[in-house]
Amino acid sequence: MAESNRDLTLVTTLFILLQLCRIVSCSTSTLITKNLTIRDGDSLISEGEIFELGFFSPKNSTLRYVGIWFKNIEPRTIVWVANRETPLSDHNGALKIADDGNLVVVNGQNNTVWSTNVHPKLNNNVAVLLETGDLVLYSDSDRDTKYWESFNNPTDTFLPGMRVRVNPSMGENRAFIPWKSESDPSPGRYLMGIDPFGAIEIVIWEGETRKWRSGPWNSAIFTGVPDMFRVTNYIHGFKLSSPPDPDGSVFFTYVPSNKDDLLRFRIRFDGIVEQLMWNRDARNWTSLQVKPSKECEKYNRCGNYSVCNDSKDFDSGKCSCIFGFEPAYRNQWNKGNFSGGCKRRVSLNCSQSLFAKKEDGFRVLKGMKVPDFGSVVSINNSETCKDVCLRDCSCNAYEVVPGIGCMIWTRDLVDMEHFEYGGNNVNIRLAASEIDIFCNKEDNALLDIRKNRDYSVKSLSSLNEVLVEDQVDTPDLPTFSFNSVASATGDFSEENKLGQGGFGTVYKGQFSGGREMAVKRLSGKSKQGLEEFKNEILLIAKLQHRNLVRLLGCCIENDEKILIYEYMPNNSLDRFLFDESKRMSLEWRKRWDIIGGIARGLLYLHRDSRLKIIHRDLKASNILLDKEMKPKISDFGMARIFNYRQDQANTIRVVGT
Ligand SMILES: *[C@@H]1O[C@H](CO)[C@@H](O)[C@H](O)[C@H]1NC(C)=O
Ligand SMILES: *[C@@H]1O[C@H](CO)[C@@H](O)[C@H](O)[C@H]1NC(C)=O
Ligand SMILES: *[C@@H]1O[C@H](CO)[C@@H](O)[C@H](O)[C@H]1NC(C)=O
Ligand SMILES: *[C@@H]1O[C@H](CO)[C@@H](O)[C@H](O)[C@H]1NC(C)=O
Ligand SMILES: *[C@@H]1O[C@H](CO)[C@@H](O)[C@H](O)[C@H]1NC(C)=O
Ligand SMILES: *[C@@H]1O[C@H](CO)[C@@H](O)[C@H](O)[C@H]1NC(C)=O
Ligand SMILES: *[C@@H]1O[C@H](CO)[C@@H](O)[C@H](O)[C@H]1NC(C)=O
Ligand SMILES: *[C@@H]1O[C@H](CO)[C@@H](O)[C@H](O)[C@H]1NC(C)=O
Ligand SMILES: *[C@@H]1O[C@H](CO)[C@@H](O)[C@H](O)[C@H]1NC(C)=O
Ligand SMILES: *[C@@H]1O[C@H](CO)[C@@H](O)[C@H](O)[C@H]1NC(C)=O
């Protein structure tokens, strides 16, 4: 009797347990087989019990979806949904291995509403939920061949361990699609993925329209997210696999700095991407990053050729046209409608520029999110990168970006942002007339002088006030204050005068420390002289050869424009050739040496220098002689750069000698 009573109790308990099972999910397993189906209410659990797969309804919805979530986290955080477009309306659905070997979701009538849709081998396929949150379908006898995995078919969430394919030949990888709303997992309006063309970057699209981009990957961070390694660092965080797969693909993965951290990146239904980390103590998700969050991060907020400045001084990003550009629609712009962007004040001269009077130049913007749609040229060297840009009439900017290499931008310059910290330089191409010249920084040749503080060297910022507001692509040249030049030349006294040229007077200067230099002071406000002045700085400051006169510095203050050269004690060749008595002192050996020196200087200009230069005004008075009577070519005011493949250049004006 006691026996049968005990049996009855056991049966009752079992019955109650079974009833409970129908109400609460209690059938759990670690894999799905042909014989083992996951019904609504059952769940599949990853081995270490981090992730769970089963049926769920979003908030405010009664529809049933198959999804994956974090097992022990409340409120339930869904990271993947199977039948996001084909929900079930009742609790009679099931997830199983179909006769064709696919993993399928079926409804109560046994109709398939979702399938992995691959062509697996038919026997003993199993589906397993891995510790990473990846649901994998493979043959039980060959676990290395994955027929299908949820990590390759993501919904709105990127998890560490996922690999996001980057392959230009496969086009843009628009991998992540957010929910339509918080209660509707069907595909929403946005897309997030990798744009592999040019420099690789993450992009959020709304249809075909870009809403945000990360800026190019520089093999450590996405350059448009300069604060990225506050969150990660160079060892952890995003990594791009190397070498490529046989099909040319590489993959982005994410390595958490602590492998026990629960991390996820999700694109929300409103098109915003969040990086979240589970806070075990507070039991909630901490947001590590939200993009776009600031005004300036909104794609091309300020329009084309315009920079957005998110300095903390402004609540919402401030737009300004880049130098050399002006608002395309000034009325709209003044009203705060920046969509029209900016346009060039002076159009580029481009191809003619190699012979034309005015050549295009560059002006550097610092601390930038580089413009979108740059292309990468496999060049390492800044000069060559610049030449590539100059030779391409549609090129608007260039920069050698560390970690990426030479980038050139041949489309309109869009989506530029100025960062308070970090960012890259961008050299913007401008018509020559937009580029004012001034001298900057120290020249190595004068560093020793600088160290002795013999000369007062004007600071960059005060020069800016005199000439232009920002830095341009000019050679590094030391600058001298007008006072120091004036005192070195005895206030430009007659007795220190060495000669008078077309555009200025040359004086001998005795600078403190005893060093002698030649000082060329441009006459008054001569407009023409200014062109020659710029030309000299641009050309000869970049060249060094023992048969070219060295430019040592310059001085620009108010209307004064002064060039400072090495001093040549024996003056110019014409003083010897055209002077009856001095002519005799030039014996043939000396003349031979002088001719050889001039020829070497010319050979350097025409063939060996980085810039190929024609002097256009070569004459005896422009050949200067040092104390050993070695000749140096001077006066580059009329010189021009000519094309590499051109050994004859037609100049437009008849000039010089
Ligand atoms: C499924 O069940 C049948 C009959 O019980 C058994 O023979 C077979 O081995 C099972 N298959 C799997 C994959 O477990
Ligand atoms: C659910 O519905 C309530 C009432 O209509 C609404 O206030 C709430 O925002 C909804 N929640 C979601 C996630 O849609
Ligand atoms: C569901 O369909 C499969 C294949 O079509 C079949 O083998 C199975 O018996 C069906 N199950 C039910 C409950 O109808
Ligand atoms: C998480 O919880 C902590 C402590 O309860 C709270 O201070 C914090 O605001 C919460 N964060 C979020 C994002 O809810
Ligand atoms: C951005 O704004 C700050 C603060 O006004 C200013 O110092 C900085 O020069 C601005 N940068 C650009 C590129 O306009
Ligand atoms: C903003 O300016 C652009 C360009 O001028 C114009 O086409 C557009 O209609 C303006 N938008 C608004 C809201 O005024
Ligand atoms: C380009 O330079 C030539 C020669 O100086 C000049 O005639 C022409 O107007 C310039 N073109 C532009 C667009 O500035
Ligand atoms: C670029 O230059 C660096 C340092 O000179 C060198 O290590 C690297 O290999 C170069 N890369 C290319 C593409 O030339
Ligand atoms: C801005 O640049 C893009 C890319 O070249 C171009 O498609 C668009 O028409 C430009 N917008 C305006 C207002 O000029
Ligand atoms: C050249 O200059 C040096 C130094 O001033 C001087 O000693 C030398 O005599 C000069 N040579 C000629 C040929 O005048």
Side-chain angles (χ1 to χ4, degrees), residues 25 27-40 42-56 65-71 78-86 93-106 110-167 170 173 175-177 239 241 244-255 259 262 264:
S25 154
S27 158
T28 61
S29 49
T30 53
L31 79 173
I32 305 173
T33 65
K34 258 222 160 95
N35 296 351
L36 192 71
T37 293
I38 301 286
R39 300 191 181 282
D40 193 336
D42 302 340
S43 65
L44 185 66
I45 291 182
S46 68
E47 206 178 332
E49 307 207 339
I50 303 285
F51 288 97
E52 182 170 8
L53 174 147
F55 285 78
F56 74 96
Y65 297 87
V66 171
I68 298 173
W69 53 86
F70 290 93
K71 183 174 186 319
I78 310 288
V79 296
W80 182 77
V81 182
N83 55 329
R84 61 190 304 191
E85 288 176 273
T86 50
L95 179 66
K96 64 177 194 181
I97 304 287
D99 291 345
D100 66 0
N102 275 299
L103 182 66
V104 296
V105 176
V106 294
N110 207 9
N111 298 320
T112 301
V113 299
W114 178 87
S115 166
T116 49
N117 243 331
V118 286
H119 301 287
K121 287 199 214 108
L122 294 185
N123 49 356
N124 64 21
N125 290 341
V126 297
V128 176
L129 183 58
L130 303 182
E131 241 348 54
T132 51
D134 192 11
L135 177 64
V136 183
L137 176 70
Y138 44 46
S139 162
D140 204 16
S141 52
D142 173 16
R143 294 210 169 187
D144 289 334
T145 312
K146 293 173 180 170
Y147 296 129
W148 178 92
E149 59 183 314
S150 63
F151 270 14
N152 285 344
N153 299 272
T155 53
D156 66 341
T157 301
F158 174 88
L159 293 171
M162 260 191 194
R163 286 152 42 95
V164 180
R165 185 187 295 273
V166 182
N167 187 336
M170 291 182 177
N173 179 355
F176 300 88
I177 302 177
K239 291 261 149 276
S241 72
D245 272 15
D247 73 356
S249 300
V250 287
F251 296 88
F252 269 111
T253 53
Y254 187 89
V255 182
K259 69 177 172 42
L262 299 181
R264 65 191 169 108

K.L.:
In the structure I gave you, are the side-chain heavy atoms of K96 and N110 within less than 4.5 Å of one another anywhere?
P.N.:
yes
K.L.:
Kindly indicate whether the side chain of L159, heavy atoms from C-beta on, has any atom under 4.5 Å from the side chain of F151.
P.N.:
yes
K.L.:
Would you check, one step at a time, whether the test side-chain contact (heavy atoms from CB on, under 4.5 Å) holds for L262 with I50?
P.N.:
CA-CA 9 Å; L262 299 181; I50 303 285; 4.0 Å; yes
K.L.:
Atom CG of D99 and atom NZ of K34: how far apart are they, to the nearest 0.5 Å?
P.N.:
6.0 Å
K.L.:
Do the non-hydrogen side-chain atoms of N173 and V166 ever get within less than 4.5 Å of each other?
P.N.:
no
K.L.:
If we only count heavy atoms from C-beta on, is the F158 to V164 side-chain gap below 4.5 Å?
P.N.:
yes
K.L.:
Would D140 and T33 satisfy side-chain contact (heavy atoms from CB on, under 4.5 Å), going step by step from the backbone distance to the final call?
P.N.:
CA-CA 9 Å; D140 204 16; T33 65; 6.0 Å; no
K.L.:
Between Y147 and L103, is any pair of side-chain heavy atoms under 4.5 Å apart?
P.N.:
no
K.L.:
Does F70 form a ring pair (Phe, Tyr, Trp, His ring centres under 6.0 Å) with F51? I'd like the steps, not just the answer.
P.N.:
CA-CA 5 Å; F70 290 93; F51 288 97; 4.7 Å; yes
K.L.:
Which heavy atom of E52 sits nearest a heavy atom of K71, and at what distance?
P.N.:
OE1-CG, 3.5 Å
K.L.:
List the atom of R143, the atom of L31, and the distance in Å for their closest heavy-atom pair.
P.N.:
NH2-CD1, 3.9 Å
K.L.:
Does this structure show an ion pair linking R84 with D156, if we count only N-O contacts that are shorter than 4.0 Å?
P.N.:
no
K.L.:
Ignoring hydrogens and geometry, is there a side-chain-to-backbone donor-acceptor pair from N102 to V104 under 3.5 Å?
P.N.:
no
K.L.:
For Y138, which residues count as a ring-ring contact (aromatic ring centres under 6.0 Å, His included) partner, sequence neighbours excluded?
P.N.:
none
K.L.:
Working to the nearest 0.5 Å, report the span between CZ of F55 and OG of S43.
P.N.:
11.5 Å
K.L.:
Indicate the atoms forming the closest heavy-atom contact of A127 with L44, along with that distance.
P.N.:
O-CD2, 4.4 Å
K.L.:
Dump the intermediate steps for side-chain contact (heavy atoms from CB on, under 4.5 Å) on F252 and V250, then the final yes or no.
P.N.:
CA-CA 7 Å; F252 269 111; V250 287; over 6 Å; no
K.L.:
Side chains of S241 and T253: closer than 4.5 Å at any heavy-atom pair?
P.N.:
no
K.L.:
When you measure from the side chain of W80 to the backbone N and O of N153, does any donor-acceptor pair fall under 3.5 Å?
P.N.:
yes
K.L.:
Given E149, which of V136, L135, V128 fulfils the side-chain contact (heavy atoms from CB on, under 4.5 Å) condition?
P.N.:
V136
K.L.:
Using only atom types and a distance under 3.5 Å, with no angle test, would you say the side chain of D134 pairs donor to acceptor with the backbone of M162?
P.N.:
no
K.L.:
Over all heavy atoms of both residues, which pair between E49 and E131 is shortest? Give the atoms and the distance, please.
P.N.:
N-OE1, 3.9 Å
K.L.:
With a 4.5 Å cut-off on side-chain heavy atoms, are D245 and N167 touching?
P.N.:
no
K.L.:
Nearest heavy-atom pair of V81 and T155: which atoms, and what distance?
P.N.:
O-CG2, 3.3 Å
K.L.:
Any chance the side chains of N125 and S139 put a donor and an acceptor closer than 3.5 Å?
P.N.:
no
K.L.:
Look at the side chain of D42 and the backbone N and O of R39, then say whether any donor-acceptor pair between them is shorter than 3.5 Å.
P.N.:
yes
K.L.:
Side-chain contact, heavy-atom cut-off 4.5 Å: S29 with I38?
P.N.:
yes
K.L.:
Provide the closest heavy-atom pair for A82 versus V105 in the form atom of the first, atom of the second, distance.
P.N.:
CB-CG2, 4.5 Å
K.L.:
Side chains of S249 and D247: any donor to acceptor distance under 3.5 Å?
P.N.:
yes
K.L.:
How long is the straight-line distance from CZ of R163 back to CG of N152, given to the nearest 0.5 Å?
P.N.:
8.0 Å
K.L.:
Measure the spacing between CZ of F56 and CH2 of W69 and express it to the nearest 0.5 Å.
P.N.:
7.0 Å
K.L.:
For V126 and I97, run side-chain contact (heavy atoms from CB on, under 4.5 Å): C-alpha distance rounded to whole Å, both residues' side-chain angles, the deciding distance at 0.1 Å, then the answer.
P.N.:
CA-CA 7 Å; V126 297; I97 304 287; 5.7 Å; no
